[in-house]
Amino acid sequence: MQHPVRRTGPAPVIRDQLLHVLRAALTEVGFPEPAGGVALDLPKQREHGDWSTNIALQVAKPAGVAPRVAAERLATAIRAAAPPAVEQVDVAGPGFLNFRVAPSAWHQVLRAVVERGERWGRAEALGGQRINLEFVSANPTGPLHAGGGRWVAVGDALANLLAAQGGVVHREYYLNDAGSQLDAFGASLLARYEAREPPDDGYQGDYLIEMAQRMRAELGDGVTQEQAREWGYLDAVSQLRADLARIGVQFDTWFSERTLHERGDVAAVLEELSAQHVVFEEDGATWLRTSAHGDSRDRVLVKSDGSTTYLCNDLAYHRDKLARGWEHLIDIWGADHHGQVKSLQAGLAALGAPGEPEVVLGQLVKIMKGGKPVRLSRRAGDVISLADILDVVDPDVCRLTFLLQSIDTAQTFDLDIVTAQSMENPVYYVQYAHARIASIARRAAVAGIERRPILETNLAPLRHERELDLLRALEQYPDVVAEAATLRAPHRVTTWVRDFAARFHGFYRDCRVLTDDAALTQARLWLAESCRLGLSNALDLLGVGAPDVMERGDAHLDEPDAGAP
RNA sequence: GCGCCCGUAGCUCAGUUGGACAGAGCGACGGACUUCUAAUCCGUUGGUCGGGGGUUCGAAUCCCUCCGGGCGCGCCA
């Protein structure tokens with residue numbers, strides 16, 4: 001699938017100019033633009049310039065010309081028309097075109113970042129598309145388990161990303177409060193309340209013991225199973241909300257499955273599907289012909305006992321989301337549910353919404369504790385909840401840990417490592433860069449150094465390789481955000497911000513901001529500000545804080561105070 | 001058996017949608033604080049990108065196949 005990335009930011013003037021000149025050169029020399037368009041890449045090696053393009057290699061074959069020859073012709077045309085900031089155009093290797101630009105070009109990037117401020121990295125590519133993003137949606141039968149934390153972090157970050165691309169994003173949580181799971185939960189809770197063991201097919205987790213005690217305190221004696229279910233349900237929902245609040249995630253809608261049944265939405269969806277002639281009766285059940293839409297087999301909608309299946313209810317739910325005016329539906333699911341994707345999509349196709357919902361599948365989290373894997377089943381009993389994690393690490397650490405890697409890879413969340421290494425967790429590394437910038441600003445204020453307006457600031461002193469390196473990364477940032485959004489891959493922002501923090505720490509080491517050179521100081525103060533914006537904007541998308549001050553942590557433990565005179 | 005995901009340095013993972021000698025962190029080893037917070041920086045060490053074919057000027061990336069691992073394949077949710 002193609003995911004074209006369109007730049008909408010005003011800034012990278014030099015890059016847009018280069019692309020323009022490149023296209024013009026293609027026309028002049030008589031090469032048609034390849035289907036994939038013209039792309040500028042960042043070479044891995046600095047000797048290959050600031051940007052490079054493989055356009056000549058793509059164009060050569062259809063034109064029946066040797067790649068190097070095509071490249072030379074293009075280079076000649078480009079040199080004649082290139083803006084002054086393009087210092088050098090080289091043909092290299094098999095036929096790459098490498099461009100080297102003047103520092104002034106990078107200074108334009110700095111001005112653009114400062115001008116755009118918090119909007120640097122934001123775009124309007126989605127043009128106000130109304131997107132409903134459903135994530136987490138764990139059953140309201142207990143606290144959120146630790147592995148679910150991945151979907152909390154990923155879902156919230158993805159929502160931020162889509163919004164940053166101009167989407168109108170709605171965070172939604174689906175409460176399965178009408179199914180047999182809740183009944184089993186109620187029965188188990190009642191059993192604990194009556195000091196019995198839960199049924200074999202019930203919920204074995206110890207948390208039910210504590211819940212039962214609170215239920216007794218609130219409701220007293222003589223609680224019925226239905227009362228237990230309802231009390232437990234409400235209590236579980238408030239626990240879920242509380243856990244999510246601790247990590248700073250807020251849903252716009254908590255949708256109750258019961259609503260669908262009460263309003264007759266489930267019956268309505270069955271009627272609609274019947275009218276589409278995609279259902280049939282067999283063995284006393286009603287089936288949906290999902291196999292016609294790529295599912296491996298047909299699926300039951302109404303069981304022989306007359307009750308509807310999860311799929312049937314879920315179809316009604318997704319139909320409701322569309323009826324509420326959401327143009328695009330995205331569901332984030334764990335890979336253990338991937339077998340349901342086709343069925344749901346097939347049903348929605350029959351309901352006239354082909355391609356909906358988009359299901360983002362993420363591989364599961366393996367929680368390790370004491371070197372051993374922890375089973376993540378609330379029903380099995382051995383439970384580690386998200387709240388347990390938040391008891392030992394702060395929300396920023398938790399979030400960034402879940403956002404470190406691609407959701408296509410199974411993640412191992414080792415509680416011992418995350419807590420023990422928390423002082424060298426990547427999140428602190430990145431936040432420390434931000435805090436250092438804030439610290440410089442404080443130092444400047446103390447020294448009476450005022451940052452002059454950027455329009456009056458000469459950025460020419462910024463010529464150090466460290467400085468230009470920061471600006472190169474900042475230039476790239478809007479593309480990173482756009483790609484992360486289209487690929488539904490928030491971890492790309494994490495990767496960028498870690499790399500960017502590393503660049504900043506390197507700069508900080510080699511280039512002093514506050515110096516005796518007033519002009520240099522002014523330029524670097526603005527460079528630092530642009531970096532602060534880059535860090536802050538990226539962390540904001542990830543839902544991670546960007547502190548101005550960070551404590552020294554336990555560093556003092558290494559330095560005996562007694563040593564001081 | 002079928003479907004989806006994964007296999008990259010000792011470990012945990014990136015890898016700009018096919019580019020130019022494969023990257024980071026941790027680990028190991030060695031350096032750097034009279035100067036904006038050393039939660040930092042610099043250097044050294046370390047890889048048959050699971051194996052084999054194929055497409056291409058060019059493959060970690062695309063196709064086929066095999067091996068290994070995870071998760072699914074209910075009139076459960």
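Throughout, protein chains are lettered first and strands after them, A, B, ... in sequence-line order, and every chain is numbered starting at 1.
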Taking pairing as Watson-Crick or G-U wobble with both contacts under 3.5 Å, can you name the mate of B/A39, or confirm there isn't one? none

Check the orientation of A/Trp496 and A/Tyr477. Use parallel for under 30°, tilted for 30 to 60°, and perpendicular for over 60°. tilted

What's the separation between atom CG in A/Leu18 and atom OG1 in A/Thr53, rounded to the nearest 0.5 Å? 10.0 Å

Tell me which nucleotide among B/C57, B/A14, B/A32 gets nearest to the side chain of A/Arg509. B/A32

Answer yes or no: side-chain N or O of A/Asp183 and base N or O of B/A77 forming a donor-acceptor pair under 3.5 Å. no

Watson-Crick/G-U partner (both atom distances under 3.5 Å) of B/C13: B/G23

May A/His337 be described as stacking on the base of B/G72, applying a 5.5 Å centroid limit and a 30° limit on plane angle? no

Send over the distance from A/Arg442 CZ to B/C36 P, rounded to a whole Å. 13 Å

Can you figure out which of B/A20, B/C41, B/C57 approaches the side chain of A/Asn98 most closely? B/A20

Planes under 30° and centres closer than 5.5 Å, is that true for A/Tyr429 with the base of B/A39? no

Measure from CG on A/Asn54 to C1' on B/G19 and round the result to the nearest Å. 7 Å

Give a yes or no on whether a salt bridge exists between A/Arg472 and A/Asp469, defined as a side-chain N under 4.0 angstrom from a carboxylate O. yes

Taking B/A77, B/G19, B/G72 as options, the one with an atom nearest any side-chain atom of A/Asp336 is B/G72

Expressed in angstrom and rounded to an integer, what is the separation of A/Tyr508 atom OH from B/C41 atom P? 12 Å

Hey, is the side chain of A/Ser304 pairing donor to acceptor with the base of B/C75 inside 3.5 Å? yes

Using a cut-off of 4.0 Å on non-hydrogen atoms, how would the nucleic acid contact of A/Arg436 be classed: base, sugar-phosphate, or nothing? sugar-phosphate

Side-chain N or O of A/Arg503 less than 4.0 angstrom from OP1 or OP2 on B/U40? no

Presence of salt bridge, A/Asp416 and A/Lys369, under 4.0 angstrom: no

What is the nucleic acid contact for A/His491, judged by heavy atoms within less than 4.0 Å: base, sugar-phosphate only, or nothing? sugar-phosphate

Rounded to the Å, how far apart are A/Asp41 CG and B/G15 C1'? 13 Å

Determine, for A/Asp479 against A/Arg492, whether the closest basic-nitrogen to carboxylate-oxygen distance falls under 4.0 angstrom. no

Reckon A/Cys511 touches a base, only the sugar-phosphate, or nothing at all at heavy-atom distances under 4.0 Å? base

Spacing between A/Asp510 atom CG and B/C33 atom P, to the nearest angstrom: 14 Å

Rounded to whole angstroms, how far apart are CZ on A/Arg492 and P on B/A14? 11 Å

Distance check, P atoms only: B/C49 and B/A22, in whole angstrom units. 10 Å

Where does the angle between the aromatic ring planes of A/Tyr174 and A/Phe255 fall among parallel (under 30°), tilted (30 to 60°) and perpendicular (over 60°)? tilted

Both distances below 3.5 Å, Watson-Crick or wobble geometry, any strand: find the nucleotide opposite B/C4. B/G70

Within the 4.0 Å heavy-atom criterion, would you say A/His505 contacts the bases, only the backbone, or no part of the nucleic acid? sugar-phosphate

P-based separation of B/A38 from B/G19 [nearest Å]: 39 Å

